[in-house]
Amino acid sequence: MCAKTLRLFHENRKPASLRGRSFKRPNPGRYVEISDDERRPKKKHHKHNGMNGSMPNGKHVSSKKINGLVNGTTVVHMDDEPDAAPVASSSKFADIQRQRTNLPIARGKEALLNEFREYDVTVLLGETGSGKTTQVPQYLLESGIAAEGMIAVTQPRKVAATSLANRVAAEQNSRVGSVVGYAVRFDERSSADTRIKYLTDGMIFRELMSDPMLSKYSIIIVDEAHERSLRTDLLIANLKTIQQRRNASSEGKGKGKEKERLKIIIMSATLDAEKFAKFFSGSKVIYVQGRQHPVTIYHSAQSQVDYVDSAMRTFFQIHTDQPPGDVLIFLPGQEDIESLEKSIRLYASQLPPDQQEVLICPMYASQAAGQNAKVFNTTPSNTRKCILATNIAETSITIPGVKYVIDTGKCKEKRYLAKNTGGGFDTLMTRDITKSSAMQRAGRAGREGPGFCFRLYTEDSFKNMSLSAEPEIMRCGLTSPMLQLKCLGQQLETLDLMDRPDMDSMIAALKTLFLIGALDQSGEITQLGRDMAMFPLEPVHSRAVLASKEYGCTSEVLTIIAILSASSNLFVDNSDQRDAVAESRRKFKHASGDHLTILNVVRAYRDVALSENKSGRREWCRKHFLNERALLEANDIREQLQQTCERLKLDWKASCGERDEPVIQSLGHGLVMNTAFLQPDGTYKQAMGQSTVKIHPSSVLCDKKVPTIVYNEVVYTNQIYARTVSVISKSFLAGLGALKTTSDRPALD
DNA sequence: GTACGATGA
């Protein structure tokens, strides 16, 4: 390959437009197309001499320019004014209203409303941000279709729910929390006046527990349904039966009962529409045309084995040949981001001095928040920003100024491997992205003007990609959803889902729930199980909290569980400074293992928090390689858990002082199936399963050869590793029945 | 002898 010219990109002959090509309408007669006739005129592309140029490593790359629009829309820029003044000055308000009427969806307003009036379920197709998510709820409210009920708009992510509510409140010239409100975990703004409520799908699923018919709402809009998040799938399944019951009971009761009826609107990207339409028989599919700046897509001519190296070469090709504009590179994970950062730095330092500077911004969820925020800083003059990001930049965060996207075509995906013993493993594997993901990534180049996307895979690879990701419910552990459904009197096994998970995963979840006492032998939920479902935690964790009552150590257990269930890791890890990280961790080390080590860290942080200000605390965390975000989030979680404890009459202040046994034994009640005993070769054999696990090298117990262990989770990489490990006494395990043979347990299948 | 895609309650 080194001798001959590497032709990286080739011409993509047809525009990758969705309309009429990739997207086939299953039944054209059922569709209403609402589009603007005079589409935004395509701007003439800046004429340049193709993409020819020599790369820093001497390799020659060439390709031709093509035209092509990626896919719909994105006209409303949610990030523009997330905190617009509640009562805007008249000119600003007029400006907002002008923007509203300029949206493509505005022209179809009356046609849309007619469909909403007529059909109980509508599937509304169009890209995220086309205006449908902000406008449709307002149209429904203003037209009176919602009657006296509320309109719920569900979102898979918290930031989306809050920023949408802010935007729509501004459009209604009101303050968030009055007519337009939102509800996400740890943050709610709504009042008796609230008619449009943006909330996370997890939030509305929780509401089912106290209001199984969701009677407050007359219209429920499920947005981003194509993402098929676990909670969206569960919500959709429930909405179907709720609607059947509500609309059946409101028949023949006259007009006054109109608000009891429920209307459902499913909003999705254009792929996969038929599945939703099929699931809701009698639904109407509506297609909303959107618009976006054109994005020119290049595919590589040959498949690229080393995508990090290709990304580096492509970046410099853009940097040396192309007009200003920031570059966004999609990579699967932190490791690749770090290695690409190094090589770009190395080559950038060798560029001739008349070249623009390169500013590299790595971006991934586990990175410190301050580092991630750097992408939003304005780029210094004579500098090109190069953002190296994971999937976080695909949906969650929108970065302004991006004109070029480099797409490696890879992402990481978690998968749960069910074991018939109850506990399974999570694995994280790098895999090819899907078509919808590829289009979403390309679309990131066309938010502010015409853009370019370089795909480091061939056009054939693109064609062979699956349409959209496998629904989350098919690839994750099910103990928590199964328990919540049991609480609602439902069975995951028989629920009318769009996709049903494997039997193995469901059996594993049933066994786990039985072993921790949430279900009895016949699979019925126990009182203990109902108490467990009250906590916003994984059942194995809520079991530990409940067990702490007998041991008088709820305070300690809550602290540990809050950290374990925070979304980011407490210990930051940086491959360069591994030794320093290990050294600093030793200061907090507790002989019994990682759980009490965590407790030591939180206690130390609390002491620091008493004497230091915000920056002092941050500095202390940085010095000790601790993720302050995890500590802050855990603090919020702990407060929420305390409230749940109060409802259950559980004294959350109960403390066992410096004793460690009570804490570990409480955890043991929840993590029964996550126990193992030492074998002669130094590995551990699971007490409840056949697998052999090793203690993860990051554990304080690694190489300590303690006889029996309890651990928070297993991750399968090259080997099966137990993470967050503590010593547990053998007699305690025997008492739990964890060392008995599997034949003692009743058959659950 | 070493993992860390993204979410959510």
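FYI, side chains are in, hydrogens and waters are out, and symmetry mates aren't considered; it's all heavy atoms of this structure. So that the names make sense, note that chain A is the first sequence line, chain B the second, and so on, each numbered from 1.
We find that CG of N372(A) is positioned 13 Å from C1' of dA6(B), with the value rounded to whole Å. dG1(B) atom C1' lies 12 Å from atom NZ of K705(A), rounded to whole Å. Summarising the geometry, the separation between CG on N391(A) and P on dA6(B) is reported as 8 Å, rounded to the nearest angstrom. Nucleotide dC4(B) holds its C1' atom 12 Å from the CG atom of D336(A), rounded to whole Å. Here the C1' atom of nucleotide dG8(B) and the CD atom of E227(A) are 12 Å apart, to the nearest Å. As a whole-Å value, the separation of L488(A) CG from dA9(B) C1' is 14 Å. Atom pair M363(A):CE and dG5(B):C1' shows a separation of 14 Å (rounding to whole Å applied). In this structure, CG of D407(A) is placed 14 Å from C1' of dG5(B), rounded to the nearest angstrom.
More than 12 heavy atoms of other residues, nucleotides or ligands lie within 6.0 Å of CD in Q719(A), so this atom counts as buried by the packing criterion.
Proximity note for Y721(A) (side chain, C-beta onward) versus dA6(B), dC4(B), dT2(B): the nearest is dT2(B). Which of dA6(B), dA3(B), dC4(B) sits closest to the side chain of L428(A) comes down to dC4(B). With dG1(B), dA6(B), dA9(B) as the choices, the nucleotide that has an atom nearest any side-chain atom of R206(A) turns out to be dA9(B). Ranking dC4(B), dA6(B), dA9(B) by closeness to the Y364(A) side chain, first place goes to dA6(B). Set against dA9(B), dC4(B), dA6(B), the side chain of K158(A) has dA9(B) as its closest nucleotide. Which of dT7(B), dG1(B), dC4(B) sits closest to the side chain of N569(A) comes down to dC4(B). Here dC4(B) is the nucleotide among dA6(B), dA9(B), dC4(B) with the atom lying nearest to any side-chain atom of V715(A). For K412(A), taking side-chain heavy atoms from C-beta onward, the closest of the listed nucleotides dT2(B), dT7(B), dG5(B) is dG5(B).
Within 4.0 Å (heavy atoms only), R185(A) reaches at least one base atom of the nucleic acid. If you check every strand for non-hydrogen atoms under 4.0 Å, E538(A) touches a base. Backbone-only engagement by M203(A) is indicated by non-hydrogen atom pairs under 4.0 Å involving sugar-phosphate atoms exclusively. Using a 4.0 Å heavy-atom cutoff across all strands shown, L230(A) reaches no nucleic acid atom at all. Using a 4.0 Å heavy-atom distance criterion, T200(A) is classed as a sugar-phosphate-only contact.
Scanning all heavy atoms of the two residues, the minimum distance from L570(A) to A630(A) falls at CA-CB, 3.9 Å.
Legend: residues meeting side chain to side chain donor-acceptor pair (under 3.5 Å) with D636(A), ordered by chain and number and at least two apart, are absent.
When only modelled atom types and interatomic distance are considered, T597(A) and R585(A) share no side-chain donor-acceptor pair under 3.5 Å. Side-chain contact, D223(A) with Y198(A): no donor N or O sits under 3.5 Å from an acceptor N or O. For the residue pair Y457(A) / D407(A), a side-chain donor-acceptor distance below 3.5 Å is found, with atom types taken as modelled. Under the 3.5 Å distance criterion, with hydrogens and angles disregarded, no donor-acceptor pair is assigned to the side chains of S268(A) and E224(A).
Going from atom CG of L510(A) over to atom OG1 of T479(A) covers 10.5 Å, rounded to the nearest 0.5 Å.
Checking the phosphate oxygens (OP1, OP2) of dA3(B), a side-chain nitrogen or oxygen of T717(A) falls inside 4.0 Å. OP1 or OP2 of dA3(B) lies within a sub-4.0 Å distance of a side-chain N or O belonging to N718(A).
Along DNA chain B, the nucleotide nearest to P156(A) and the one nearest to K694(A) differ in position, and the one closer to the 5' end is contacted by K694(A). In this structure, D703(A) and R475(A) both approach DNA chain B, and ranking their closest nucleotides by distance from the 5' end singles out D703(A).
Between K158(A) and D187(A), none of the side-chain N atoms (NZ, or NE/NH1/NH2) sits under 4.0 Å from a carboxylate O, so this pair counts as no salt bridge.
Residues from residues 557-568 of chain A that place a heavy atom under 4.0 Å from any atom of DNA chain B: there are none.
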